[in-house]
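A short worksheet on the structure shown next.
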Amino acid sequence: MTESSPSSPPSILLIISGGIAAYKSLELIRLLKKTGTTVRVILTKGGAQFVTPLSVSALSEHAVYTDLWSLKDESEMGHIRLSREADLIVVAPASANLIAKMVHGIADDLASTTLLASNKPIIVSPAMNPEMWTKSSTQRNIALLKEDGVHIISPTIGEMACGETGPGRMPEALEIFNVIQNFLIKEKPLSGKKALVTSGPTFEPIDPVRYIGNRSSGKQGHAIAAELERQGASVTLISGPVSLPDPAHIKTIRVETAECMKNAVLENLPADIFVGAAAVADWRIENQTAQKIKKRTGSPTLDLKLTENPDILQIISNLPNRPQLVIGFAAETHDVLNFARAKLLKKGCDWIIANQVGTDENPVFGSDRNQVTLVTHTLTEDWPVASKTTVAKMLVQKIIEELRNHEQPSCHNRSA
Ligand code: CTP
């Protein structure tokens with residue numbers, strides 16, 4: 001059994017608007033980069049009066065985006081994609097002007113247009129002169145932003161660059177960094193949840209050089225593990241022999257046989273979610289030999305005695321500390337739905353993802369695409385033909401909805 005280890009770096013879009021505090025944002029970029037965070041930066045015209053695009057791009061290791069009408073910026077990464085590819089948007093420093101634009105939906109430059117087009121959480125760290133901060137118009141705007149769900153980092157009190165003293169200073173980079181870290185942990189829907197995923201085939205040895213295996217590539221199981229991790233779950237992937245690399249940031253345990261897969265699963269419980277995507281061999285060789293079986297003259301046949309392997313999905317479904325959601329797969333060549341429903345009942349799992357295999361349109365094994373049907377105890381839902389990555393995203397969204405509807409403390413809080 002071999003193991004490889006873990007947590008995917010988040011991606012942040014930082015908007016630096018005009019204010020002397022912009023220099024602190026350079027330090028913020030440095031701190032974020034140290035944790036492996038991807039940082040893309042929009043620098044407004046005002047921001048560029050205080051820090052240079054060159055220092056921002058050197059620290060962020062990405063091009064700096066400045067102009068809504070720049071063909072180059074838009075062709076490299078348009079303003080919609082800039083916001084979509086980030087997990088979080090941070091505006092620091094946020095000038096009174098940019099805050100007012102956000103409140104009123106004004107989109108007259110790259111920063112304000114991206115903010116208006118965004119569907120991501122936003123943190124705003126205002127920085128301005130104390131008179132500007134305390135002015136009723138600014139306070140009204142801040143109250144409206146909060147109502148809109150924007151997270152505000154209150155400015156601190158101190159001496160300002162202009163010589164006046166009062167509230168309006170942007171907190172130090174480290175404080176903003178800490179707010180971002182806490183926010184990211186809370187924001188991912190599966191944060192605090194533990195998921196176990198099996199993937200790939202199992203190989204059952206006949207002798208030291210031969211085995212019985214199957215055609216599973218592991219693509220679907222690995223994609224599900226990656227998506228669960230992207231949504232914040234702590235994932236352990238137990239993979240049979242596949243030619244895929246271990247997914248980045250996921251604890252991966254490689255096994256060969258069904259028996260080893262079962263042991264690895266049991267050793268990694270408790271979990272909140274179990275997805276059995278592996279094509280586990282139903283039988284192993286009972287009379288396995290320690291030495292290579294030689295051809296014997298006069299004996300053209302070889303008898304192999306097979307014995308049934310443990311059914312991992314059934315075992316997990318029936319444990320007293322079973323995961324809250326147990327999901328299995330059913331790859332069938334015919335009568336797909338009936339077999340899937342029968343498996344759901346026999347094994348005691350919550351959902352079965354069924355698919356028809358072996359047809360020309362849906363070879364599934366090794367293919368990048370899949371057409372599946374979700375079968376639960378209450379519904380049957382056909383999903384369209386899609387890439388295995390899309391199927392993984394759809395399944396994980398269903399998992400998120402299901403867990404939300406039946407909110408329970410995570411397995412970390414339950415005794416094993
Ligand atoms: N499974 C398992 N352990 C086994 C066999 C299957 O955990 N020994 C799981 C698979 O990971 C999958 C589900 O059970 O999630 C259904 O697997 P499948 O091979 O389709 O079903 P079987 O129960 O093996 O039935 P059959 O091969 O007769 O269709």
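In listed order, ligands and their atoms are each counted from 1.
Scanning all protein heavy atoms for the shortest distance to atom 7 (O) of ligand 1 gives Leu313 N, 2.8 Å. If you check which protein heavy atom lies closest to atom 3 (N) of ligand 1, you get Ile312 N, 3.0 Å. Nearest non-hydrogen protein atom to atom 21 (O) of ligand 1 is Lys343 NZ, 3.0 Å.
In this structure, Arg322 pairs ionically with Asp350, as a charged nitrogen and a carboxylate oxygen lie closer than 4.0 Å. Salt bridge status for Glu27 with Lys24: absent, with no side-chain N to carboxylate O gap under 4.0 Å. Ionic pairing of Lys305 and Glu286 is present here: one or more N-O contacts between side-chain nitrogen and carboxylate oxygen are shorter than 4.0 angstrom. Salt-bridge annotation for Asp87 and Lys188: absent, with no side-chain N of the basic residue lying under 4.0 Å from a carboxylate O of the acidic one. A salt bridge is absent between Glu401 and Arg404; no separation between the charged side-chain nitrogens and carboxylate oxygens falls under 4.0 Å. Residues Lys45 and Asp67 are not paired through a salt bridge, judged by the lack of any N-O separation under 4.0 Å between the basic side chain and the carboxylate.
Residue-ligand proximity, Gly328 to ligand 1, at heavy-atom distances under 4.0 Å covers atoms 15 (O). Of all atoms in ligand 1, numbered sequentially from 1 with element shown, those under 4.0 Å from a heavy atom of Ala331 are 20 (O). Every atom of ligand 1 with a heavy atom of Gly276 under 4.0 Å away is listed here by number and element: 11 (O), 12 (C), 15 (O). For ligand 1, the atoms lying closer than 4.0 Å to a non-hydrogen atom of Ala330 are 20 (O).
More than 12 heavy atoms of other shown residues, nucleotides or ligands fall within 6.0 angstrom of atom CD in Gln139.
Counting only residues at least two apart or on different chains, the ring-ring contact (aromatic ring centres under 6.0 Å, His included) pairs with a member in residues 183-204 are His151-Phe183, Phe203-Tyr211.
Taking Glu381 as the reference, Lys398 meet the salt bridge (Lys or Arg N to Asp or Glu O under 4.0 Å) condition, with sequence neighbours excluded.
Contacts of Ala279 with ligand 1, taken as heavy-atom pairs under 4.0 Å, are absent altogether.
The shortest N or O to N or O distance between Ala278 and ligand 1 is below 3.5 Å. Checked against a 3.5 angstrom limit, the closest N/O atoms of Pro310 and ligand 1 fall inside it. Residue-to-ligand polar distances place Asp282 within reach of ligand 1: an N/O pair is separated by less than 3.5 Å.
Across the listed options Phe329, Trp283, Phe274, Phe329 owns the non-hydrogen atom lying nearest to atom 12 (C) of ligand 1. Across the listed options Lys347, Glu259, Gln314, Lys347 owns the non-hydrogen atom lying nearest to atom 1 (N) of ligand 1.
Heavy-atom distances between Ala258 and ligand 1 stay at or above 4.0 Å for every pair.
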